[in-house]
Number of protein chains: 2
Amino acid sequence: MADKRTPSADPRRAPNIEDVARLAGVSTATVSRSLNSSGRVREATRKIVETAARELGYTPNFGGQALASNRTNTVGAIIPTMENAIFARAIQALQETLAEHKVTLLVATSQYRPDREEAQIRTLLARGVDGVVLIGNRRAPSAYALLNARGIPFVLLWSAPANSPFVTIGFDNFGAAHDLTTRILEKGHRRIGMISGLTADNDRAFDRVQGVSQALADHGLSLSPHDLVECRYSLKAGENAAMQLLGATQRPTAIICGNDVLAAGALRAARASGLTVPDDMSVIGFDDIELATAVFPPLATVRVPHRRMGVAAGEHLLRWMVQGERPPSLTLPTEFVERASLGVAK
Amino acid sequence: MADKRTPSADPRRAPNIEDVARLAGVSTATVSRSLNSSGRVREATRKIVETAARELGYTPNFGGQALASNRTNTVGAIIPTMENAIFARAIQALQETLAEHKVTLLVATSQYRPDREEAQIRTLLARGVDGVVLIGNRRAPSAYALLNARGIPFVLLWSAPANSPFVTIGFDNFGAAHDLTTRILEKGHRRIGMISGLTADNDRAFDRVQGVSQALADHGLSLSPHDLVECRYSLKAGENAAMQLLGATQRPTAIICGNDVLAAGALRAARASGLTVPDDMSVIGFDDIELATAVFPPLATVRVPHRRMGVAAGEHLLRWMVQGERPPSLTLPTEFVERASLGVAK
DNA sequence: TTGAAAGCGCTAACAT
DNA sequence: ATGTTAGCGCTTTCAA
């Protein structure tokens with residue numbers, strides 16, 4: 001067996017900072033400074049070090065770096081699911097933003113379950129992430145306690161509560177839902193049904209229901225329990241929910257859906273029921289993912305700033321992590337997208 | 001400033017293994033053994049240690065653990081994009097499998113670009129991942145060299161080449177495409193067009209084109225350059241490609257698409273052209289993602305074992321990482337799913 | 001501008 | 001079964 005004290009005894013062993021220092025004829029401190037552009041190093045020295053590092057194929061050992069610097073240059077994000085394109089796209093934007101600053105992203109999913117989310121927060125913290133991104137703002141105090149105990153930077157995406165004690169980067173779910181409902185009412189619809197995601201642990205879904213309710217109330221209408229169905233965010237669930245609404249004695253002339261996937265399900269239900277959209281009934285989605293224009297008729301929906309949220313989350317977090325100053329919250333605009341699935345009421 | 005030698009001088013400082021050892025009245029080695037269930041520890045001792053750890057809210061420091069053990073319990077996966085549900089789902093399955101063994105997943109995307117993929121491989125290796133998952137088997141030797149230089153376990157998903165020097169977990173793209181084409185021919189179609197993803201750096205896309213070609217050849221037909229359009233995997237690109245095929249003097253009676261997203265685009269093109277599917281033309285997809293049944297008519301397609309690939313990738317990798325023995329390759333079956341978008345030729 | 005050296009927190013070999 | 005202790009590779013004072 002090779003003598004441990006003999007340098008480069010094992011050729012398979014990855015080169016370490018000492019190997020680089022030796023080859024460059026400098027100290028390990030100088031190598032570290034050169035490669036991290038921290039502290040001053042003469043340009044000529046840096047060149048020499050870089051050459052040596054390249055020659056050896058040196059990559060800093062992650063564990064050593066993390067241990068010594070107490071930073072991992074890693075950010076963790078927990079989203080409900082990767083299967084909804086809206087989150088996938090936001091995550092992609094986040095990752096690209098972080099990558100520009102040599103920070104990598106650890107992604108975990110909660111399946112919309114608070115207990116899983118909290119477990120994932122624990123995992124990420126154990127992984128030593130330097131920052132965390134979460135979706136929504138409603139969760140158990142214990143979850144926030146975990147984050148706060150470490151004093152770790154974290155931002156909440158997808159909602160924009162008025163006086164949050166946390167940094168939020170999102171949009172006004174209530175307002176967007178209120179707005180779209182108003183537009184539907186302007187088309188003459190009066191019997192309106194809604195298919196929502198499960199609101200229990202989902203403030204976005206909850207706020208959207210509230211926005212619809214309020215808009216109806218503003219017009220002297222109301223969203224009765226019969227007109228509202230909650231279900232999982234899946235095509236099949238949306239279809240079933242729509243079937244239920246369509247089975248009512250007075251079926252709605254317009255169905256507002258918590259997202260585009262549910263709306264696609266509602267379209268399928270309409271077709272199965274022999275109803276034509278929008279002539280017999282209108283269907284409205286939320287998110288404006290690609291699916292919205294893949295179905296027929298294309299879905300009227302609300303464009304959610306997923307990409308901008310992802311980018312902003314990355315920028316805010318980086319600022320916070322590096323400069324140590326807590327960034328402000330940010331509210332982004334949404335836009336109603338009118339398409340053929342919304343027609344005038346007959 | 002607090003004296004560094006005074007233990008727990010800074011109450012904000014995270015508790016370390018020494019704090020736990022002190023509280024439990026044992027050595028740090030025993031704490032490590034208790035918490036990692038490595039080596040023997042008396043049950044009573046373990047209890048005491050666990051209590052102490054819980055009381056202090058102790059979480060092992062990731063950097064320290066990684067540095068000392070030379071393992072990060074992290075696996076990295078590089079997929080083309082998170083925006084295609086097929087990859088998202090496979091990744092989800094992979095993550096769940098790994099999570100059962102306390103291994104976390106680092107996800108990166110390549111956007112179907114070989115250079116980006118190689119850069120991501122570098123990043124993951126720098127991150128000290130213990131294993132890697134890649135999609136497809138065709139890439140530059142330099143990419144494989146990176147992996148091999150570290151002797152790190154890695155598996156390739158989505159394809160099943162006959163004599164790969166690597167561990168692959170996938171399915172027979174050629175065979176699946178050959179099979180679906182044969183079924184289309186059985187429906188009487190003779191003028192067949194194909195919309196494929198870009199085949200240059202994508203062995204799956206390439207193999208599918210070959211499978212279609214071969215099946216046609218088997219019936220004395222051929223896939224001429226005019227009948228084949230390559231484009232990005234997007235709805236819009238699929239629509240444009242279909243438009244091109246439909247503009248031919250003799251338009252195809254069936255269009256085979258490289259995936260379901262392209263097929264959804266083709267459906268849109270058919271509608272825009274005033275053609276009814278499947279009466280005027282058939283459209284066939286690949287993947288069987290949710291989108292396939294969200295569109296109308298629902299897409300005939302090939303069911304790809306995305307979930308099984310994700311699970312198997314996790315299991316094989318874990319086995320390899322822990323037991324050190326390289327697992328065998330695995331070929332999973334696909335299934336043709338007949339749906340309304342495929343009709344008999346008129 | 002550079003070097004020497006003290007840790008960072010943990011694991012694992014070895015000793016008991 | 002448990003303790004002692006030597007590193008793992010890196011960053012960061014502190015000196016020079």
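Throughout, protein chains are lettered first and strands after them, A, B, ... in sequence-line order, and every chain is numbered starting at 1. This is a predicted model, so every value here is computed, not measured.
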Phosphate-side-chain proximity, B/Ser27 and D/dG3, N/O vs OP1/OP2 below 4.0 Å:
yes
Rounded off to whole Å, could you give me the CD-to-P distance for the A/Glu18 and C/dG3 pair?
13 Å
Between D/dT2, C/dG3, D/dG9, which nucleotide gets closest to the side-chain atoms of A/Leu67?
D/dG9
Rounding to a whole Å, what distance do you find between B/Gln65:CD and C/dA12:C1'?
13 Å
Go nucleotide by nucleotide along DNA chain C from the 5' end; which of B/Thr59 and A/Arg33 gets its closest nucleotide reached first?
A/Arg33
Closest nucleotide among C/dG9, C/dA4, C/dT1 to the A/Ala29 side chain:
C/dA4
With side-chain hydrogen bond (donor to acceptor under 3.5 Å, both in side chains) as the criterion, how do B/Thr168 and B/Asn137 come out once you've worked through the C-alpha distance, each side chain's angles and the decisive distance to 0.1 Å?
CA-CA 8 Å; B/Thr168 64; B/Asn137 71 89; over 6 Å; no
Quick check: on DNA chain D, is the nucleotide nearest B/Thr28 upstream (toward 5') of the one nearest B/Ser69, or the reverse? Name the residue that is more 5'.
B/Thr28
Grab the two heavy atoms, one from B/Tyr144 and one from B/Arg138, that are nearest each other, plus how far apart they are.
OH-N, 4.2 Å
Rounded to the nearest angstrom, tell me the gap between atom CG in A/Asp19 and atom P in D/dC8.
11 Å
Can you tell me how far P of D/dG9 sits from CG of A/Leu56, to the nearest Å?
14 Å
Tell me the interatomic distance from A/Asn70, atom CG, to C/dC10, atom P, rounded to whole angstroms.
11 Å
Do A/Glu43 and A/Arg46 meet the salt-bridge criterion of a basic N to acidic O distance under 4.0 Å?
yes
Closest non-hydrogen contact found for A/Gly63 with B/Ala66 is CA-CB, 4.0 Å
In whole Å, what is the span from the CD atom of B/Glu43 to the P atom of D/dT2?
11 Å
Using the side-chain heavy atoms of B/Asn16, tell me which of these nucleotides is nearest: D/dG3, D/dC10, C/dC10.
C/dC10
Could you state the CG-C1' distance from A/Asn61 to D/dT11, rounded to the nearest angstrom?
13 Å
From the list C/dG7, C/dC10, D/dT5, which nucleotide is the closest neighbour of the side chain of A/Ala68?
C/dG7
How is A/Val26 classified with respect to the nucleic acid when contacts are heavy atoms under 4.0 Å: base, sugar-phosphate, or nothing?
sugar-phosphate
Hey, is the side chain of A/Ser32 poking within less than 4.0 Å of OP1 or OP2 on D/dC10, counting only N and O atoms?
no
Under the criterion side-chain contact (heavy atoms from CB on, under 4.5 Å), which of A/Ile79, A/Ile121, A/Leu157 is the partner of A/Leu134?
A/Ile121
From the set C/dC10, D/dG3, C/dT2, return the single nucleotide nearest to any side-chain atom of A/Thr45.
C/dT2
Whole angstrom value for the distance that separates C1' of C/dC8 from CD1 of B/Ile17
13 Å
